[in-house]
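To start, the structure under review is shown below, and the notes come after it.
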Amino acid sequence: MEASNKYMVFDAGGIRYAIPMEYVGYIVTTSEKFPHCVPPRMPPYVKRIMRMEQKLVPIVDLIKFEKGKELKEQEHFYSLILVLNYQEQSVGVLADKISLLTEQEEVKLEEDIVTQRKVLNFGGENFVLLNVPKFYKEIKKG
């Protein structure tokens, strides 16, 4: 199955992800000074809530989100935040590295039988395709 080449790719804690560009809001560094807090009783994958462009944006550690309680309490220090937009809501995802797929690369969308997730393959490399609507629904359940 062919896919369009309009994807942002990012690394988070050793896992490589791809996300359709339609969901990408903007990118900031973790060192930028936005007002933020860590409300009580937040799920462990929500690192903090930041105020950006007059919105409250939860900042999520995808590795803790996906692995949950089985992850050992080892903090990973990310340098970037990729802010996603979906249905007028923003969520920030912590990342180590972010880049854009080049147009000349051949992109294939495949199903990973083991993980039951879609994987984007380009240039011989695999990226887990982040299902943004499903991700937002699970974050809301919290």
Side-chain angles (χ1 to χ4, degrees), residues 1-34 36-39 41-142:
M1 177 176 12
E2 289 298 312
S4 100
N5 288 8
K6 295 185 169 74
Y7 290 95
M8 180 77 64
V9 294
F10 63 98
D11 294 2
I15 297 178
R16 306 185 88 189
Y17 291 91
I19 184 168
M21 283 300 293
E22 66 189 273
Y23 299 117
V24 175
Y26 47 94
I27 300 165
V28 296
T29 65
T30 53
S31 62
E32 287 187 52
K33 301 294 181 212
F34 290 97
H36 68 278
C37 66
V38 181
R41 294 188 290 283
M42 278 278 125
Y45 54 80
V46 175
K47 302 312 287 174
R48 60 188 169 275
I49 307 288
M50 295 177 87
R51 185 169 187 79
M52 301 171 141
E53 294 186 350
Q54 305 306 310
K55 290 182 184 177
L56 294 178
V57 180
I59 307 302
V60 174
D61 181 338
L62 269 179
I63 303 308
K64 287 188 178 182
F65 174 77
E66 293 199 350
K67 295 189 177 162
K69 300 205 177 1
E70 65 192 58
L71 189 68
K72 294 177 183 62
E73 270 307 311
Q74 179 182 342
E75 282 301 313
H76 183 85
F77 295 100
Y78 298 96
S79 56
L80 300 167
I81 300 171
L82 174 59
V83 179
L84 312 177
N85 291 321
Y86 176 67
Q87 294 184 338
E88 304 293 317
Q89 295 184 326
S90 297
V91 172
V93 181
L94 293 167
D96 294 308
K97 183 174 131 188
I98 300 172
S99 56
L100 193 58
L101 288 189
T102 56
E103 285 294 325
Q104 59 267 32
E105 294 281 358
E106 185 180 326
V107 178
K108 286 192 172 67
L109 194 57
E110 304 164 348
E111 187 82 28
D112 185 324
I113 299 163
V114 176
T115 63
Q116 302 289 303
R117 297 180 76 176
K118 293 202 182 310
V119 173
L120 205 65
N121 181 293
F122 77 95
E125 294 186 68
N126 287 333
F127 294 83
V128 174
L129 185 62
L130 186 63
N131 181 332
V132 173
K134 182 179 174 193
F135 175 64
Y136 266 67
K137 189 185 290 182
E138 290 179 27
I139 292 284
K140 276 188 161 184
K141 284 193 293 190

Verdict with reasoning, E111 to V119, per side chain to side chain contact (heavy atoms under 4.5 Å, CB included) = CA-CA 6 Å; E111 187 82 28; V119 173; over 6 Å; no
Spacing of CD1 belonging to I19 relative to CZ belonging to F135, to within rounding of 0.5 Å = 8.5 Å
Closest approach of G92 to V57 (non-hydrogen atoms, all atoms of both residues) = N-CG1, 3.4 Å
Validation: residues 82-89 side-chain donor-acceptor distances under 3.5 Å, sequence neighbours left out:
unit_1, atom_1, unit_2, atom_2, d
N85, OD1, S90, OG, 2.5

Sequence neighbours excluded, which residues qualify as side chain to side chain donor-acceptor pair (under 3.5 Å) partners of R48?
-> none
Please report the closest heavy-atom contact between I63 and G13, naming both atoms and the distance.
-> CG1-CA, 4.0 Å
Would you mind reporting whether F65 and P43 have side-chain heavy atoms less than 4.5 Å apart?
-> no
What pairs with E53 under side chain to side chain donor-acceptor pair (under 3.5 Å), at least two apart in sequence or on another chain?
-> none
Report yes if some heavy atom in the side chain of I139 is under 4.5 Å from a heavy atom in the side chain of Y45; otherwise report no.
-> yes
Step through it carefully: locate the ring centre of F127, locate the ring centre of Y7, and say whether they are under 6.0 Å apart.
-> no
Are any non-hydrogen side-chain atoms of R51 and L56 less than 4.5 angstrom apart?
-> yes
State which residues pass side chain to side chain contact (heavy atoms under 4.5 Å, CB included) with V128; sequence neighbours excluded, sorted by chain then number.
-> I15, Y17, R117
Over all heavy atoms of both residues, which pair between A95 and F10 is shortest? Give the atoms and the distance, please.
-> CB-CD1, 4.0 Å
Those residues that, when tested against D11, pass side chain to side chain donor-acceptor pair (under 3.5 Å) (two or more places apart) | R16
So how far is it from I27 CD1 to M8 CE, rounded to the nearest 0.5 Å?
-> 4.5 Å
Is there side-chain contact between V132 and E22, with at least one heavy-atom pair below 4.5 Å?
-> no
For V28, which residues count as a side chain to side chain contact (heavy atoms under 4.5 Å, CB included) partner, sequence neighbours excluded?
-> Y26, E32, F34, M52, I81
Which residues satisfy the side chain to side chain contact (heavy atoms under 4.5 Å, CB included) test with K134, sequence neighbours excluded?
-> N131, E138
Rounded to the nearest 0.5 Å, what's the gap from NZ on K33 to CE on M50? Could you check?
-> 9.0 Å
Who pairs with D96 by salt bridge (Lys or Arg N to Asp or Glu O under 4.0 Å), at least two apart in sequence or on another chain?
-> none
Would you say K97 has more than 12 foreign heavy atoms packed within less than 6.0 Å of its NZ?
-> no
In chain order, what residues pass the side chain to side chain donor-acceptor pair (under 3.5 Å) check against T29, with sequence neighbours excluded?
-> S31
Could you give me the CA-CA distance, side-chain angles and deciding distance for I59 and H36, then say whether side chain to side chain contact (heavy atoms under 4.5 Å, CB included) is met?
-> CA-CA 10 Å; I59 307 302; H36 68 278; over 6 Å; no
